[in-house]
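Let me begin by presenting the structure, written as structure tokens, before commenting on it.
Labels below follow one simple rule: chain letters A, B, ... track the order of the sequence lines, proteins then strands, and each chain is numbered from 1.
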Amino acid sequence: MRRLDPYTRLIEALVEEIARRVGEDELKVLYLLQIPREEHGDVSFPAIRYRRKGVDPERLAAELEEALKSRGIDYASVSVAGPGYINVKLDARRLVEEVSSLYRRTGSALEVPKTKEPLTLVVEHTSANPIHPMHMGHARNMSLGDTLARLLRARGHRVNTRFYVDDVGKQVAVAALGVRILGIDPVEEARRLGVKGDDLVGWIYAVTHLSVDIIKAKHEGNTEKVESLLPYLVDLKDRDPAGYFDRIVNTVWSMEDPEAEISRIMRNYELGREEEKRLIRRMVEAVLEGFRKTLARMRVEFDAWDWESDMVWSSRVGRILEEARRSPYYTVYKGAEALDLPRFIKERLLTDPELAARIKLPRALEVPPLILRRSDGTTLYVTRDMAYTLYKFEVTGADRVYNVIGADQRLSQLQLRLALAALGYVREAVNTIHYDYELVSLPGERMSGRKGVLVKLDDILDGLKNRAAEEVRARNPGASEEWVEETAEKIARAAVRFRLVQVSAPKPIVFDPEKALDLTANSGPYLQYTHARASSILRKLGGINYSVIDPSACSSGKRRRLLVLALRMPLTAAKAADDLAPEILAVYLIGLADLFNSWYQEDSVLHEPDEGAKHCKALLVALVREALARGLELLGIDAPERM
RNA sequence: GGGCCCGUAGCUCAGCCAGGACAGAGCGCUGGCCUCCUAAGCCAGUGGUCGGGGGUUCAAAUCCCCCCGGGCCCGCCA
């Protein structure tokens with residue numbers, strides 16, 4: 001096992017010693033540790049909080065210093081200041097020696113400390129409806145989901161990522177109707193036309209959907225609605241990939257009852273009829289082919305792809321219905337089979353506040369009974385989701401399942417947990433965590449796949465890539481076009497991923513495509529640029545001569561600050577993982593890059609005349625470079641050596 | 001009507017869950033810095049009733065209550 005860096009070792013020891021002495025939870029102590037103003041030290045603990053419990057700061061400080069020494073940590077001095085703060089000051093010279101020895105022995109110094117309680121976790125994310133290309137909302141979902149998975153893995157958990165293919169339900173059936181009218185095989189057709197499958201199907205879906213809506217509005221005599229929808233249809237005509245437009249629109253408009261046709265497709269698909277199966281599976285496959293390309297551009301991979309239809313065909317959904325019928329909370333509501341959630345809440349949760357809290361029941365929630373099955377016999381999304389949730393636990397042996405899903409689905413995710421608990425799956429219910437994030441909107445109109453109005457992730461990436469490529473080309477004359485393209489793609493990905501992960505999940509993001517092209521400060525490319533600068537110094541130096549390092553050269557001023565800050569990377573990543581908050585890492589990396597760039601400007605490494613100081617500074621550069629590289633990797637962002 | 005989320009500098013956001021030592025970044029704006037390790041950078045200046053009001057506490061941006069503003073959700077849709 002690799003040895004942790006001296007800073008992480010200190011903190012872990014400190015936390016244990018303090019926790020034992022003040023009689024507090026280790027986690028709580030860790031959270032209470034803070035980074036004080038520089039003159040006070042490097043780490044501090046507000047012992048004042050425990051004076052009621054008879055904790056004497058002076059004595060605690062003395063004991064801590066002794067305890068740390070006996071654990072082999074001889075580079076920390078502990079003192080008391082102000083109203084009762086325990087301040088720990090690190091001996092920077094010793095830190096340099098420790099880091100130097102780590103690099104000499106292992107070539108790296110910053111390892112994320114593993115959790116003491118490794119769990120098996122499922123992270124289900126992205127799960128975009130397979131009927132149109134992915135947009136910025138999906139980008140936020142996948143950036144969060146993938147980053148979460150990376151963080152949790154680094155922390156030592158077993159993580160299984162899954163994509164849920166929602167191929168059952170109305171929207172897919174609408175798109176399928178369009179495909180059937182055209183009589184095409186979407187996979188081959190997309191290849192023939194040289195377009196992405198998701199783009200092709202997305203267009204077909206929008207045209208079909210609008211045609212249905214318009215004809216319906218016409219029948220209802222709602223001319224206002226017809227007027228409002230027509231412009232969208234006209235817009236889609238302009239983007240017709242192969243003379244399909246009239247065929248779809250005319251056919252739909254000539255149909256007796258297109259909605260009944262859609263319902264029939266849906267029902268037959270659930271029943272597993274061959275014709276619908278071929279039609280829909282082939283169509284969804286075409287979309288997924290497109291998804292996989294977009295996901296690859298974002299460096300997102302999945303361990304498993306689960307098809308919603310498999311939950312139905314494998315009778316898992318049927319089993320849920322049977323269990324519901326045997327449940328004491330089974331009821332018939334509006335003539336359909338349902339679960340009496342109001343009664344479940346009243347009888348089980350209001351009498352058990354702890355369970356209510358674990359299931360995250362809001363205070364005075366009013367929900368109607370949850371319908372599990374339509375009168376026509378087809379199932380509802382929740383019912384299938386119940387089956388799928390149990391499936392995720394079952395096939396992975398998961399302790400906990402994270403569902404990365406938009407905040408607009410908070411209530412339905414709560415209903416899912418309630419329904420599972422009502423059927424007796426309490427463990428699964430309380431360990432199904434809705435990782436919710438606010439949606440991404442555009443400055444102007446709201447995105448709508450139905451109307452074909454959305455800003456595609458691919459287009460955003462292309463725009464950023466072009467912008468970045470110009471820059472890269474200008475800065476690297478003579479570089480091969482292939483390398484320029486590759487690098488520009490990495491920069492584009494960095495810009496998108498970082499932007500979407502640096503804002504905490506519950507805050508809405510207004511995505512302005514114009515502003516997104518800005519690759520300067522506070523961005524992913526800024527971090528990459530800083531990494532490239534650090535790499536450049538090390539490359540030009542040729543190599544660090546560890547034996548000449550003068551540790552005292554980095555023991556004050558910005559060099560010292562940089563040393564300590566870089567060493568905080570592992571614990572920062574650990575906290576980001578434990579708190580499920582990627583933005584903690586994102587914000588930290590920006591701060592590290594800021595300090596490095598500020599130092600870079602005023603204190604040259606290569607031109608340092610003193611050899612001992614030069615190599616000490618180079619060690620510092622190596623440490624910062626590693627912190628950036630590892631941090632970026634956790635965010636799914638490449639750290640290029642040059643750009 | 002009910003539930004949930006958001007409200008910190010002109011703008012975008014950290015800090016709030018786990019209360020503590022003068023409220024932090026970036027953008028913008030003003031003025032400077034490339035014979036010198038990548039100027040996607042740096043330096044200096046500018047900027048805040050932490051939405052408002054009560055309360056708890058030795059201590060509140062942080063906890064509790066009320067109110068205001070914005071968003072989302074309350075389907076035999078997904």
Side-chain angles (χ1 to χ4, degrees), chain A residues 24-25 27-32 34 36-37 39-40 44 46 48-49 51 81-85 87 129 131 166 168-172 308 333-338 360-368 371-376 378-382 384-385 406-412 414-415 436 438-439 441 468 471-472 475-476 491 499 502-504 506-510 512 515 518-523 525-530 532-541 579 583-584 586-588 590-591 593-594 597-608 617-618 621 642-643:
Chain A
E24 182 66 271
D25 196 57
L27 199 61
K28 176 86 183 270
V29 172
L30 178 62
Y31 288 141
L32 285 175
Q34 49 194 279
R37 272 190 290 160
E39 61 267 31
H40 294 308
S44 90
I48 182 176
R49 295 169 64 103
R51 84 181 165 182
Y85 284 92
N87 291 324
N129 273 336
I131 42 165
D166 296 317
V168 182
K170 226 168 233 172
Q171 297 188 324
V172 168
E308 189 175 10
Y333 178 69
K334 293 186 185 171
E337 293 187 79
K360 297 190 180 71
L361 181 79
R363 274 184 286 270
L365 183 78
E366 298 166 27
V367 283
I371 294 175
L372 298 178
R373 190 169 180 256
R374 293 193 188 89
S375 329
D376 70 358
T378 56
T379 53
L380 275 102
Y381 184 79
V382 249
R384 302 191 292 266
D385 206 11
D408 54 341
Q409 289 182 51
R410 278 190 188 122
L411 181 61
S412 55
L414 172 66
Q415 285 174 319
D436 54 342
E438 272 297 336
L439 304 184
S441 58
E471 204 74 42
V472 174
R475 285 155 189 270
N476 298 274
I491 294 170
R499 168 103 221 284
Q502 68 168 340
V503 175
S504 69
K507 293 212 181 187
I509 292 181
V510 177
D512 188 334
K515 280 189 186 161
D518 179 20
L519 305 177
T520 55
N522 243 346
S523 72
Y526 168 69
L527 295 176
Q528 291 179 311
Y529 174 72
T530 307
R533 275 183 145 184
S535 303
S536 173
I537 294 174
L538 296 170
R539 188 170 56 239
K540 286 183 176 156
L541 181 68
D579 289 1
E583 73 275 13
I584 291 175
V587 168
Y588 162 81
I590 289 291
D594 286 346
N597 282 317
S598 165
W599 175 64
Y600 175 97
Q601 202 74 22
E602 67 189 39
D603 192 3
S604 176
V605 176
L606 298 184
H607 300 105
E608 168 65 54
K617 282 153 72 173
V621 175
R642 299 168 198 259
M643 65 187 270

Between A:R499 and B:U12, is there a side-chain N or O to OP1/OP2 distance below 4.0 Å?
-> no
What's the closest nucleotide to the A:N522 side chain, out of B:A25, B:C37, B:C76?
-> B:A25
N/O-N/O pairs, protein side and nucleotides 56-64 of chain B side, under 3.5 Å:
none

Could you check whether A:Q409 gets within reach of a base, just the sugar-phosphate, or nothing at all, counting any heavy atom under 4.0 Å?
-> base
Options B:A18, B:A21, B:C37, nucleotide nearest the side-chain atoms of A:L606 | B:C37
For A:L380, answer base if it contacts any base atom (sugar-phosphate contacts may also be present), sugar-phosphate if it contacts only those atoms, and nothing otherwise; contact means non-hydrogen atoms under 4.0 Å.
-> sugar-phosphate
How many angstroms lie between atom CG of A:L527 and atom CD1 of A:I590, to the nearest 0.5 angstrom?
-> 4.0 Å
When pairs are called at under 3.5 Å and a stem needs at least three consecutive Watson-Crick or G-U pairs, the stems of RNA chain B are B:1-7 with B:68-74, B:10-13 with B:24-27, B:28-33 with B:41-46, B:51-55 with B:63-67
How would you label the contact of A:V29 with the nucleic acid (heavy atoms, under 4.0 Å): base, sugar-phosphate, or nothing?
-> nothing
A:T378 and A:R374: side-chain donor and acceptor closer than 3.5 Å?
-> yes
Quick one: label A:Y526 by what it contacts on the DNA or RNA (base, sugar-phosphate, nothing), any heavy atom closer than 4.0 Å.
-> sugar-phosphate
Selection from B:A39, B:A78, B:C37 that lies nearest to any side-chain heavy atom of A:I537 | B:C37
Which letter, B, S or -, goes with each nucleotide of nucleotides 2-7 of chain B from 5' to 3', with contact meaning a protein heavy atom under 4.0 Å?
-> SSSSSS
Assign A:K334 to base, sugar-phosphate, or nothing according to its heavy-atom contacts below 4.0 angstrom with the strands shown.
-> base
When you get a sec, tell me which of B:G41, B:A18, B:A21 is the closest nucleotide to the side chain of A:R37?
-> B:A21
Could A:E308 and A:R384 be called an ion pair, given the rule that one side-chain N must be under 4.0 Å from one carboxylate O?
-> yes
B:A14 base to A:S504 side chain: any donor-acceptor pair below 3.5 Å?
-> no
Go through the N and O atoms of the side chain of A:N87 and the base of B:A21, and report whether any donor-acceptor pair is under 3.5 Å.
-> yes
I would like to know whether A:D25 and A:Y31 meet side-chain hydrogen bond (donor to acceptor under 3.5 Å, both in side chains); could you show each step before the answer?
-> CA-CA 10 Å; A:D25 196 57; A:Y31 288 141; over 6 Å; no
Checking B:C74, B:A39, B:A78 against the side chain of A:Y529 (C-beta onward), the nearest is B:A39
At under 4.0 Å between heavy atoms, what does A:V168 touch on the DNA or RNA strands: base, sugar-phosphate, or nothing?
-> sugar-phosphate
Among B:A78, B:A39, B:C42, the nucleotide that comes nearest once only the side chain of A:D594 is considered | B:C42
Quick one: label A:R384 by what it contacts on the DNA or RNA (base, sugar-phosphate, nothing), any heavy atom closer than 4.0 Å.
-> sugar-phosphate
Consider the side chain of A:K540, meaning its heavy atoms from C-beta on, and name the nucleotide among B:U38, B:A21, B:C13 that approaches it most closely.
-> B:U38
Answer yes or no: does a side-chain N or O of A:S598 lie under 4.0 Å from OP1 or OP2 of B:C43?
-> yes
For A:L541, answer base if it contacts any base atom (sugar-phosphate contacts may also be present), sugar-phosphate if it contacts only those atoms, and nothing otherwise; contact means non-hydrogen atoms under 4.0 Å.
-> nothing
Is there a donor-acceptor contact under 3.5 Å from the side chain of A:N476 to the main chain of A:V472?
-> yes
To the nearest 0.5 angstrom, please state how far the NZ atom of A:K360 sits from the CG atom of A:L414.
-> 10.0 Å
So what does A:S523 hit on the nucleic acid, given a heavy-atom distance under 4.0 Å: a base, only sugar-phosphate, or nothing?
-> nothing
Please confirm whether any donor atom in the side chain of A:N597 sits under 3.5 Å from an acceptor in the base of B:A39, or the reverse.
-> no
Chi class for B:C43: syn within 90° of 0, otherwise anti | anti
Look at all strands and tell whether A:V587 reaches a base, only sugar-phosphate, or nothing, counting heavy atoms closer than 4.0 Å.
-> sugar-phosphate
